[in-house]
Amino acid sequence: MKEIKPASQRTKNEDQIYLPGGSFFMGTNGREGYPQDGEGPSRKIEVSPFYMDVHTVTNREFQEFVEDTGYVTEAEAFGWSFVFYQFVSERTKRKIKRMVQQTPWWLVVQGAYWKHPEGPDSNIENRMDHPVVHISWNDANAYAKWAGKRLPTEAEWEFAARGGLERKKFPWGDELTPDGEHLCNIWQGEFPKHNTAEDGYKGTAPAVSFPPNGYGLYNTTGNVWEWCSDRFSKSVHKRGGRKDPQGPKSGEFRVMKGGSYLCHESYCNRYRVAARSQNTPDSASGNIGFRCVSDV
């Protein structure tokens, strides 16, 4: 593997938007929040100016990184990753030996990784502009370093995702489908049996799809979960104060934000901007991606 060049030796991607920073209300006091996730209470947080990628990192962009560095993702090294059961071919299903008991819709697929997202008999030829998936926190950090960027803090991510609106559930307001219009890629129908795909997608949508938020950022809710730099804690008192919080100083898990195409109100209503989740830094699946930020 080639040495990954440090940020100072690379040029920032021009496909970023300047965010002025400022104060905003982070989290929620709403009933729809998950107390076990530490979404509340809502509190005023201040973030400094920064730049953020307009969209999540795509397969095309990640492929450039891999070709330049020879990087091997953790899913590749482990030899498997988690894939949603409806996306796996019958041929591949016959070889599957494990699934997650608590969430049986996740299959442990040998040979699934970013370039073969549903297993060895799948490819990304027609998805180069879709978010790269099966990316661990460690993988995302490696890409960010190569690109001369970094992962966003949770506060930066939520500030950006809100698009300048205060205390709203979604980047566009409080109503999920205003005037019947779908504005993000999530599950419609009965989870996990039937997805009507009323929003146009059963799996990932292109990284640039649906109207952008007030800051010009695409798909800050739905589509794929996005890694943040912070360690995870339920307690707001351990997350680094109210000015540019960096998250807890210790902890096994890392924060993910935004929800994914598998989120549904009956099971995982985490496509709200205040919602949050957690995962170990070596974890990957078919609905986890990321976007980067840069310092001003």
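We count residues from 1, following the sequence as given. Values below: every heavy atom of this structure, side chains too, minus hydrogens, waters and symmetry copies.
When atom types are taken as modelled, the side chain of H116 and the backbone of S122 share a donor-acceptor pair closer than 3.5 angstrom.
Under the 4.5 Å side-chain criterion, counting only non-hydrogen atoms from C-beta, R60 is in contact with D129.
Put simply, F24 and L19 are part of the same group of oily side chains (I, L, V, M, F, W, Y) that touch within less than 4.5 Å, one to the next. When hydrophobic clusters are built by joining Ile, Leu, Val, Met, Phe, Trp and Tyr residues whose side-chain heavy atoms come closer than 4.5 Å, directly or via intermediates, V132 is grouped together with W225. V133 and V83 are members of different hydrophobic clusters when ILVMFWY side chains are connected at heavy-atom separations under 4.5 Å. Connection of M128 to V208 is not established within any shared hydrophobic cluster, with ILVMFWY side chains joined at heavy-atom distances below 4.5 Å, either directly or through further cluster members. Hydrophobic clustering (ILVMFWY, side-chain heavy atoms < 4.5 Å, transitive): V54 and W172 are in distinct clusters.
Using a 4.0 Å cut-off between a side-chain N of Lys or Arg and a carboxylate O of Asp or Glu, E154 and R276 qualify as a salt bridge. With respect to R150 and E156, a salt bridge is recorded, a charged nitrogen being found less than 4.0 Å from a carboxylate O. Note on D174 versus K169: no salt bridge recorded, every NZ/NE/NH1/NH2 to OD/OE distance being 4.0 Å or above. A salt bridge links R127 with E118: the distance from a Lys NZ or Arg NE/NH1/NH2 to an Asp or Glu carboxylate oxygen falls below 4.0 Å.
Counting only N and O atoms by type, the side chains of T92 and D121 include a donor and acceptor under 3.5 Å apart. For the 3.5 Å distance criterion, the side chains of K257 and T221 fail to qualify, holding no donor opposite an acceptor. Of the N and O atoms on the side chains of S209 and N219, at least one donor lies less than 3.5 Å from an acceptor on the other residue. Defined by atom type and a distance below 3.5 Å, a donor-acceptor pair is missing between the side-chain atoms of D139 and T73. Side-chain N/O atoms of T280 and E252 include no donor and acceptor closer than 3.5 Å. Checked by atom type, the side-chain pair S235/H237 shows no donor-acceptor distance below 3.5 Å. Side-chain contact annotation: N269 with E32, donor-acceptor N/O pair under 3.5 Å absent. H182 and T177 share no side-chain donor-acceptor pair at under 3.5 Å. Side-chain contact check for T204 and H130: at least one donor-acceptor pair (N or O, by modelled atom type) lies under 3.5 Å. D230 and Q246 share no donor-acceptor pair across their side chains, judged by distance under 3.5 Å alone.
Annotation: cation-pi pair R291/W227 absent, no NZ/CZ under 6.0 Å from the ring centroid and within 45° of its normal. Cation-pi geometry between R270 and Y34 is satisfied (NZ or CZ under 6.0 Å from the ring centre, within 45° of the ring normal).
In this structure, F159 has its ring center closer than 6.0 angstrom to the ring center of Y215.
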Practice task
Verify salt bridge (Lys or Arg N to Asp or Glu O under 4.0 Å) between R162 and E158, making sure each step is shown before the conclusion.
Solution key: CA-CA 6 Å; R162 290 182 177 277; E158 189 168 326; 2.8 Å; yes

Exercise for the section: I would like to know whether S285 and N287 meet side-chain hydrogen bond (donor to acceptor under 3.5 Å, both in side chains); could you show each step before the answer? Expected result: CA-CA 5 Å; S285 68; N287 66 339; 2.6 Å; yes

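Paired with F82 under the rule ring pair (Phe, Tyr, Trp, His ring centres under 6.0 Å), one option of F84, Y85, F78, W80 passes, and it is W80. Here the options are W114, Y71, F65, W137, the test is ring pair (Phe, Tyr, Trp, His ring centres under 6.0 Å), and the partner is Y143; only F65 passes. Each of T56, V224, L151 was checked for a side-chain contact (heavy atoms from CB on, under 4.5 Å) with F290, and the lone residue meeting it is L151.
Note on ring orientation: taking the six-membered ring where Trp is involved, the planes of Y267 and F191 are parallel (angle under 30°, cut-offs 30° and 60°).
Across H134 and G286, no two heavy atoms sit closer than the pair CE1-N, 3.3 Å.
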